[in-house]
Amino acid sequence: MSAPVENVVIVGTGCAGLTAAVYTGRANLSPLVLEGAQPGGQLTTTSEVENFPGFPEGVDGFMLTQNIRKQAEKFGARYQSGTVLSLDTSAWPHTLKLSDREIKAKVVIIATGASPRMTGIPGEKELYGGKGVTTCATCDGAFYRKMDVAVIGGGDSAAEEALFLTRFASKVYLVHRRDSLRASKIMADRATSHPKIQCVWDSVPVAVEGVEQGAVSGLKIKNVKTGAESVLQVKGIFVAIGHVPNTAPFRGAVDTDEGGYIVPLAGSQVRTKTPGVYVAGDCSDHVYRQAITAAGMGCQAAIEAERWLAEHGG
């Protein structure tokens with residue numbers, strides 16, 4: 001006996017996917033939400049979120065996603081674990097192929113997020129998320145007031161992170177493996193000329209120190225030209241070497257750019273080239289990458305999905 005066709009399947013349980021679940025649940029569409037390897041998304045690795053509206057004292061990232069999850073469940077959202085391998089849109093309803101089963105859906109909302117590229121050096125993983133290693137200055141910069149911090153990277157993102165951190169930190173070390181930034185000229189000029197930013201050229205990170213203490217105490221670096229090693233005495237380390245959107249299973253069913261981010265139709269943030277397939281959050285947004293913008297896109301995708309289903313016999 002074949003499984004019933006789902007009205008809406010939402011892939012991902014970060015702020016985008018869960019907000020889409022709230023809205024489609026309230027529309028009596030009984031959405032099915034697929035949780036991947038990291039339920040709650042990147043936000044669950046953040047110990048305190050201070051920039052999500054409605055929480056003047058801040059909120060734990062895990063608790064925020066749990067609250068939205070429960071809110072969606074209250075309105076009829078259902079949750080299943082599963083990793084999507086591909087999306088077949090050659091026939092409608094669409095077919096999601098998972099490792100152990102297939103799910104047919106009238107509407108699919110892709111909200112799989114993006115994963116930050118990490119350096120892989122010792123101590124980075126152990127101290128990531130509330131212990132001094134982070135990938136978001138906008139999220140965590142305010143925790144490092146009057147402290148010395150380091151930014152790893154040399155592109156526009158790294159320059160942006162470093163400049164943002166000057167609002168809070170005493171000094172910002174910008175660690176880059178070359179002798180000049182890859183960033184656009186205007187961003188590079190701003191970063192290299194800022195009095196609080198000290199560029200550490202021709203250097204690569206070797207290890208994050210402070211694992212035994214449970215908090216970052218320094219960043220060991222190596223000069224690629226001389227081989228000399230030294231330690232930057234910092235309390236925070238911001239890894240800014242890019243993100244990888246979690247979109248591989250959907251390529252072909254939707255358009256993606258050279259970086260793998262899903263490209264929506266012109267004039268829309270959430271519609272894709274395939275009718276009945278929508279996108280929300282960081283798997284499409286490589287500019288803002290905030291919890292609140294992801295939630296907003298989840299809302300848009302859900303409303304678009306509801307209207308589309310109403311017109312197409314949902």
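Remember, it's a predicted structure, so these values are computed and weren't measured experimentally.
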Do Glu73 and Tyr79 have side chains that get closer than 4.5 Å, going by heavy atoms?
yes

Residues passing the salt bridge (Lys or Arg N to Asp or Glu O under 4.0 Å) test with Lys146, sequence neighbours excluded, are none

Return the set of residues passing salt bridge (Lys or Arg N to Asp or Glu O under 4.0 Å) with Asp257 (not counting sequence neighbours), or none when no residue passes.
none

Once disulfide (SG to SG under 2.5 Å) is applied, what residue pairs with a partner in residues 106-137 remain, sequence neighbours excluded?
Cys136-Cys139

ILVMFWY cluster membership beyond Tyr288 - transitive side-chain contacts under 4.5 angstrom:
Val287

What residue pairs, at least two apart or across chains, pass ring-ring contact (aromatic ring centres under 6.0 Å, His included) with a residue in residues 213-238?
Tyr144-Phe238

Not counting sequence neighbours, which residues clear salt bridge (Lys or Arg N to Asp or Glu O under 4.0 Å) with Arg78? List them please.
Glu6

With a cutoff of under 4.5 Å between side-chain heavy atoms, which Ile, Leu, Val, Met, Phe, Trp and Tyr residues group with Val224?
Val204

side-chain contact (heavy atoms from CB on, under 4.5 Å) filter on Ser217, not counting sequence neighbours, yields Glu209

Pairs in or reaching into residues 147-196: which pass ring-ring contact (aromatic ring centres under 6.0 Å, His included), with residues at least two apart or in two chains?
Phe164-Phe168

Using a side-chain heavy atom cutoff under 4.5 Å and only I, L, V, M, F, W and Y, what cluster partners does Tyr261 have?
none

For Val22, what residues pass the side-chain contact (heavy atoms from CB on, under 4.5 Å) criterion, not counting sequence neighbours?
Arg26, Ile68, Gln71, Ala72, Phe75

Cut-off 3.5 Å, no hydrogens considered: what does the side-chain donor-acceptor table look like for residues 247-256, sequence neighbours left out?
unit_1 : atom_1 : unit_2 : atom_2 : d
Thr247 : OG1    : Arg251 : NE     : 3.4
Thr247 : OG1    : Arg251 : NH2    : 3.2
Thr247 : OG1    : Gly260 : O      : 2.5
Asp255 : OD1    : Lys273 : NZ     : 3.3

